[in-house]
2 protein chains.
Amino acid sequence: MSKLDPTHLGILRLLQEDARMTHKELARRLRKSVSPIFERVKWLEQNGYIKGYTALVDLQKSSNSIISYTHIQMNDHSEEALSAFQREVVLFDDVRECYYITGNFDFILKIVSPDMKGYNDFLRGQLSKLPNVGSVQSFLVLSEEKRDTTYKI
Amino acid sequence: MSKLDPTHLGILRLLQEDARMTHKELARRLRKSVSPIFERVKWLEQNGYIKGYTALVDLQKSSNSIISYTHIQMNDHSEEALSAFQREVVLFDDVRECYYITGNFDFILKIVSPDMKGYNDFLRGQLSKLPNVGSVQSFLVLSEEKRDTTYKI
DNA sequence: CTACATTCAGCAAATTTTTCTGTTTTGACT
DNA sequence: AGTCAAAACAGAAAAATTTGCTGAATGTAG
């Protein structure tokens with residue numbers, strides 16, 4: 001049983017589309033007045049349904065960074081080893097996303113580095129220094145064909 | 001030669017951190033007055049440096065969706081076949097991200113489906129129907145350890 | 001039926017957005 | 001260096017939004 005009514009869901013959908021939409025516009029589209037929308041947005045923020053707001057920046061226009069998806073296979077699958085790896089790897093600045101997954105590999109990392117040298121330094125100087133890292137397989141992103149960060153809810 | 005000066009970069013960094021930051025606060029942090037900040041934000045939007053603003057929603061709290069990273073290997077690597085695949089696959093609603101990559105595989109897709117049945121339907125009813133799709137390898141996301149959509153610029 | 005809690009619309013003050021004006025700075029060219 | 005034009009800037013003011021408050025409507029439990 002979800003605590004979210006249609007108005008809550010509508011707010012989440014619309015703010016995913018445009019995080020800078022005004023409360024007045026939200027109210028108009030959801031057929032409510034401004035104050036209940038205002039209270040609900042505050043509630044969604046404070047209760048963790050909205051984790052933040054971000055501008056989507058065109059990385060290729062704004063920098064020379066390179067993106068890589070990197071798969072990690074551990075050579076120790078104990079809970080301690082996995083937790084220790086997670087705890088450390090998410091602290092690296094180049095690691096933008098980290099998922100624990102099913103299948104042959106254990107983790108998928110999205111790595112963003114300033115350039116190829118930076119990426120090399122990260123792999124050899126930081127990632128491979130972590131304990132119990134077995135095989136590492138890198139897929140460099142040649143082109144981003146779609147990136148839509150909104151979720152259907 | 002970049003057309004972005006330190007103020008532009010500062011705006012991009014701060015709006016990635018918090019897309020709802022007011023122009024007044026941006027101005028305070030970047031030691032400018034409000035009007036040049038206002039003009040620059042408009043410029044960054046109109047020239048495509050800012051592609052949009054989005055609220056980051058906690059998917060697990062707000063729905064039962066499942067996330068998968070799926071790798072695609074094509075069995076025809078001609079430019080026509082690759083382009084045709086790209087053009088079609090990005091239209092699917094479940095495909096949230098699509099990258100063309102180096103290595104054994106050709107594409108990485110981030111798939112978000114309402115549930116396991118929806119995911120199955122997508123794989124067998126939509127994805128595998130596209131021409132020239134060779135091997136498909138799926139990694140289901142068991143837990144999201146980090147997801148930071150900001151870029152260091 | 002009454003008391004209580006929740007949600008809401010409407011209002012008003014505080015704040016922000018947006019436009020405008022005139023000044024300063026920058027950069028290119030003599 | 002000196003001059004000019006273009007760009008960037010600060011400040012002010014009007015328009016719009018945010019934010020807090022009040023009381024009415026609705027639903028619920030006693």
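Here is the naming used below: chain letters follow the sequence lines, and residue numbers restart at 1 for every chain.
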| task | Applying side-chain contact (heavy atoms from CB on, under 4.5 Å), run through B/I153 and B/L4 and close with a yes or a no. | result | CA-CA 11 Å; B/I153 52 176; B/L4 300 178; over 6 Å; no
Nearest whole angstrom, please: distance from the [atom2] of [N] to the [atom1] of [X].
| X | N | atom1 | atom2 | result |
| --- | --- | --- | --- | --- |
| B/I37 | D/dA8 | CD1 | P | 13 Å |
| A/R28 | D/dA16 | CZ | P | 15 Å |
| B/D5 | D/dA7 | CG | P | 15 Å |
| B/R31 | D/dG11 | CZ | C1' | 19 Å |
| A/K32 | C/dA9 | NZ | C1' | 12 Å |
| B/L30 | D/dC9 | CG | C1' | 14 Å |

Can you tell me if [X] has over 12 outside heavy atoms packed within less than 6.0 Å of its [atom1]?
| X | atom1 | value |
| --- | --- | --- |
| B/N47 | CG | yes |
| A/K146 | NZ | yes |
| B/E144 | CD | yes |
| A/E25 | CD | yes |

| message | With side-chain contact (heavy atoms from CB on, under 4.5 Å) as the criterion, how do B/R40 and B/D5 come out once you've worked through the C-alpha distance, each side chain's angles and the decisive distance to 0.1 Å? | response | CA-CA 11 Å; B/R40 279 159 179 271; B/D5 65 22; 2.9 Å; yes
| A/K51 and B/D58: which non-hydrogen atoms are nearest, and at how many Å? |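 Reported closest heavy-atom pair: CE-CA, 3.9 Å.
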| task | Would you indicate, yes or no, if C/dT7 has its OP1 or OP2 atom less than 4.0 angstrom from a side-chain nitrogen or oxygen of A/R40? | result |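 No.
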| message | So, applying side chain to side chain contact (heavy atoms under 4.5 Å, CB included) with A/F122, which one of A/V112, A/D93, A/D94 is it? | response |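 Per the side chain to side chain contact (heavy atoms under 4.5 Å, CB included) rule, the option paired with A/F122 is A/D94, out of A/V112, A/D93, A/D94.
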| message | Could you work out how much the helix from C/dC1-D/dG30 to C/dT30-D/dA1 bends, comparing the axis of its first five pairs with that of its last five, to 10°? | response |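 Comparing the axis at each end, I get an angle of 40°.
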| message | Quick check on contacts: within residues 43-51 of chain A, what sits under 4.0 Å from DNA chain D by heavy-atom distance? | response |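 Correct list: empty, so none.
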| request: Flag the pair B/H71 / A/F139 as yes when their ring centroid distance falls below 6.0 Å, and as no otherwise. | output: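 Ring-ring flag for B/H71/A/F139: true, centres closer than 6.0 Å.
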| What do the steps show when you test A/S138 against A/L123 for side-chain contact (heavy atoms from CB on, under 4.5 Å), and what is the final call? | CA-CA 10 Å; A/S138 289; A/L123 278 189; 3.9 Å; yes
| Reading nucleotides 14-19 of chain C from the 5' end, what letters show protein touch, with B for base, S for backbone sugar-phosphate only, - for no heavy atom under 4.0 Å? | --SSBB
| field | Check against side-chain contact (heavy atoms from CB on, under 4.5 Å), A/D106 and A/F85 | value | CA-CA 11 Å; A/D106 297 303; A/F85 176 77; over 6 Å; no
